Number of protein chains: 2
Amino acid sequence: MEFRQHPAVTLAEVAEAAGVGESTVSRVLRNHGSFSRETRDRVMEAVERLGYVPNRIAGTLASAGSRLVAFVIPSLSNIVFPDVLRGASSVLEANQHQAVFSVTDYDAEREEALVAAMLAWRPTAVMLAGFEHTEGTVRRLHASGCRVVEMLDLDGAALDLAVGFSNRSAGCTSADFLVKRGYRRIGYVGHDLTRDTRARKRFDGFCEALGSAGFALVDREICTGASSVESGRLGLERLLARKPDLDAVYFSNDDMALGGYFHCLAHGISVPSKLAVFGYNGLDIGRVTPQPLSTIRTPRVETGRVAAELVVTDAPPQVVDLGFELIEGATA
Amino acid sequence: MEFRQHPAVTLAEVAEAAGVGESTVSRVLRNHGSFSRETRDRVMEAVERLGYVPNRIAGTLASAGSRLVAFVIPSLSNIVFPDVLRGASSVLEANQHQAVFSVTDYDAEREEALVAAMLAWRPTAVMLAGFEHTEGTVRRLHASGCRVVEMLDLDGAALDLAVGFSNRSAGCTSADFLVKRGYRRIGYVGHDLTRDTRARKRFDGFCEALGSAGFALVDREICTGASSVESGRLGLERLLARKPDLDAVYFSNDDMALGGYFHCLAHGISVPSKLAVFGYNGLDIGRVTPQPLSTIRTPRVETGRVAAELVVTDAPPQVVDLGFELIEGATA
DNA sequence: ATGAAAGCGCTAACAC
DNA sequence: GTGTTAGCGCTTTCAT
């Protein structure tokens, strides 16, 4: 297939071809202002015939908003973020907005650099994960004047809009559940908490609730790197090597918990009678494992959807708590 | 937090503040052309002081390429596509390109509409999944003159650039493997093949290779909707209800296969002695299940990476076969 | 109902 | 080494 080299058709050429002025073509195309039906037909005919594709770069420069929505997210490996993008994407497409994204790899410095790069596109809004940003990020966002949505967290101060749920509270709920179920020798297997601040908040909430109930975490195993099923499996193996008599383990998320669960299956450790397993996120796969995973379901797609709606409707600054749901499952 | 209302700082204001001409600021900022060290410092000082953020909308309009790369992908639920985006994203960010995306939901008509919308942003390249597009999509892409990368498939004619692996061949390889292992009563559990043309190509290749070996598929179960672990589990259950004596099942991908495997675990069906399970994709989770999943590993992240590299280097039209790898696993 | 013209903020010749 | 200027393709007054 050969590709044309000659420059794209412009609005001026359409105007010329239709025998009308440029502004008339513009009005017809955006269906804004007034024009006769006959003019409209002539313009549309020319548009069709020439294969005209409006240039939104030029349009954006000439008018106001870019209708570009910038997502600066920590990761694409963790299904949480594709889920959020998915929820947002449908709303944005339906409202003629365009999603743009970059990945920070849970690095706040990188986030700052990526936000800075995004702002050069003059987006309508910047969508971030959580409340922990560098001073520079906040300053740039502030100066940009564009809307900001902080997603997937509620434990902190919002810059503008925030949509999500409380991670700390999810951690508390998890601990309360395990305690209520009678588990006493509880351990934790998690991934790098220094970068994933929301996982840290869950952990903190979990420990706090455990403390309030008069108990304490027996031991914890922190795996380096991102969360993964494999890390969960290895982490549990290591934790049990140190503390074989644990009766329950709280994992930093479902990926990790599935790894732990698989470890139990593979080693004949009865779940939950010998060891209970509890996760976080409520991934679909956890509903279909031989024993459904006990976990917390988070509204990830919904978070994206609501975040996008707030942006396209230019809603006033607000915090939207979408909550979460405990799934009892069969592993705890 | 309050957001500023006054318009963003412009290059002209920076020039004024630094006491130099606009083009000098432009040169300094893009580090292109010549200017004295002293001038550079004065400009940078003004940039810092005013908090100037270059406007890439204006920059793009004035110069050549937008450095926007448009991904029009079938889904974000299927981890395949986030993986591709991930691979591409790192390369694009390192080369000052910006990723934009839309989701077609495996609908060719939607793909056409989304490609049309994308082209209005005058992207450097449009990245698509596979070779099956509507005539309109092809026409628009052709007329746009922008680069096109068709990813994750090799069985078909490329429009411009193509990066991936042969799905048909992967299907063949899977069948050959099962036959070589001695399985004879083989079934298939898949998701909607009319929309996911790559899954169909795998299926076709599988059946063909089975035929060449002198065997035929005993039965198949096609689940409606997208692939999922749950569909795989239900699909296998239904298939076994009809054909209890199957000795192996080929699934449309790892999600489906995991569902099937979980069904076996839950119902005491020995894998692989009673029933073998074979998937596609080589997801990490399949490496950590009690028995590692037998499957085909596909280079998804690599596909995204290479696709992005071809685009940023403006490579000539070509087809890049990244191949795939059989993982023997323990479920077949 | 429609056209002319002035930008939007920047880059790229082209002069000096 | 640096400034001036003419666009890039569109939207948006403002006339008519």
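These numbers were taken from a predicted model, which means no experiment stands behind them. Basis for what follows: all heavy atoms, side chains included, without hydrogens, waters or symmetry-related copies. In what follows, every chain begins at residue 1, and chains take the letters A, B, ... in the order their sequences are listed.
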Worksheet entry | Evaluation steps, side chain to side chain donor-acceptor pair (under 3.5 Å), between Ser89(B) and Glu93(B) | CA-CA 6 Å; Ser89(B) 154; Glu93(B) 277 159 23; 3.2 Å; yes

Discussion item. Does anything in residues 52-63 of chain A come within less than 4.0 Å of DNA chain C? Heavy atoms only, and list the residues if so.
Written reply: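 DNA chain C contact set from residues 52-63 of chain A: Leu61(A), Ala62(A).
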
Worksheet item: Which heavy atom of Met127(A) sits nearest a heavy atom of Ala307(A), and at what distance?
Response: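 Residues Met127(A) and Ala307(A), closest heavy atoms: CE-CB, 3.6 Å.
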
Discussion item. Expressed as a whole number of angstroms, how long is the span from Leu29(B):CG to dT11(C):C1'?
Written reply: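 To the nearest whole Å, that distance equals 12 Å.
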
Item to complete: Mind calculating the distance between CZ (Arg67(B)) and C1' (dC10(C)) to the nearest angstrom?
Response: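 Value for this atom pair: 16 Å.
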
Discussion item. Evaluate Phe71(B) against Leu114(B) for side-chain contact (heavy atoms from CB on, under 4.5 Å), listing each step before the verdict.
Written reply: CA-CA 10 Å; Phe71(B) 291 81; Leu114(B) 293 172; over 6 Å; no

Item to complete: Evaluate whether atom CD of Glu16(A) has more than 12 neighbouring non-hydrogen atoms of other residues, nucleotides or ligands under 6.0 angstrom away.
Response: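 Open.
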
Item to complete: For Glu13(B), look at atom CD and say whether over 12 heavy atoms of other residues, nucleotides or ligands are found less than 6.0 Å away.
Response: yes

Worksheet item: Nucleotide range of DNA chain D contacted by chain B, 5' to 3', under 4.0 Å to a heavy atom?
Response: dG1(D) to dG9(D)

Worksheet entry | Salt bridge present between Asp105(B) and Arg110(B) (N-O < 4.0 angstrom) |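 Looking at Asp105(B) and Arg110(B), the cut-off is not met.
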
Discussion item. With a 4.0 Å cut-off on N to O distance, would you call Asp160(B) and Arg147(B) a salt bridge?
Written reply: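 Result for this pair is yes, salt bridge flagged.
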
Practice prompt. State which residues pass side chain to side chain donor-acceptor pair (under 3.5 Å) with Asp83(A); sequence neighbours excluded, sorted by chain then number.
Written response: Arg86(A), Arg300(A)

Discussion item. Contact between Thr60(A) and Arg122(A) at the side-chain level, heavy atoms closer than 4.5 Å - yes or no?
Written reply: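 When only atoms from C-beta onward are counted, Arg122(A) and Thr60(A) do not touch, as no gap falls below 4.5 Å.
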
Worksheet item: Side chains of Leu141(A) and His133(A): closer than 4.5 Å at any heavy-atom pair?
Response: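 Result no, sub-4.5 Å side-chain heavy-atom pair not found.
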
Practice prompt. Given side-chain contact (heavy atoms from CB on, under 4.5 Å), test Arg305(A) with Val84(A) step by step and report yes or no.
Written response: CA-CA 7 Å; Arg305(A) 202 176 63 62; Val84(A) 170; over 6 Å; no

Fill in: Selection residues 49-59 of chain A - residue pairs positive for salt bridge (charged side-chain N to carboxylate O under 4.0 Å, His left out), sequence neighbours left out
Glu45(A)-Arg49(A)

Discussion item. Angle between the two end axes of the helix from dA1(C)-dT16(D) to dC16(C)-dG1(D), five base pairs per end, rounded to 10 degrees?
Written reply: 30°

Enumerate the protein-to-nucleotides 2-5 of chain C contacts in which both atoms are nitrogen or oxygen and the separation is below 3.5 Å.
{"unit_1": "dT2(C)", "atom_1": "OP1", "unit_2": "Ser36(A)", "atom_2": "OG", "d": "3.3"}
{"unit_1": "dT2(C)", "atom_1": "OP1", "unit_2": "Thr39(A)", "atom_2": "OG1", "d": "2.3"}
{"unit_1": "dT2(C)", "atom_1": "OP2", "unit_2": "Ser36(A)", "atom_2": "N", "d": "2.7"}
{"unit_1": "dT2(C)", "atom_1": "OP2", "unit_2": "Thr39(A)", "atom_2": "OG1", "d": "3.2"}
{"unit_1": "dG3(C)", "atom_1": "OP1", "unit_2": "Gly21(A)", "atom_2": "N", "d": "3.4"}
{"unit_1": "dG3(C)", "atom_1": "OP2", "unit_2": "Gly21(A)", "atom_2": "N", "d": "2.6"}
{"unit_1": "dG3(C)", "atom_1": "OP2", "unit_2": "Thr24(A)", "atom_2": "OG1", "d": "2.6"}
{"unit_1": "dG3(C)", "atom_1": "N7", "unit_2": "Ser23(A)", "atom_2": "OG", "d": "2.9"}
{"unit_1": "dG3(C)", "atom_1": "N7", "unit_2": "Arg27(A)", "atom_2": "NH2", "d": "3.3"}
{"unit_1": "dG3(C)", "atom_1": "O6", "unit_2": "Arg27(A)", "atom_2": "NH2", "d": "2.3"}
{"unit_1": "dA4(C)", "atom_1": "N6", "unit_2": "Ser23(A)", "atom_2": "OG", "d": "3.0"}

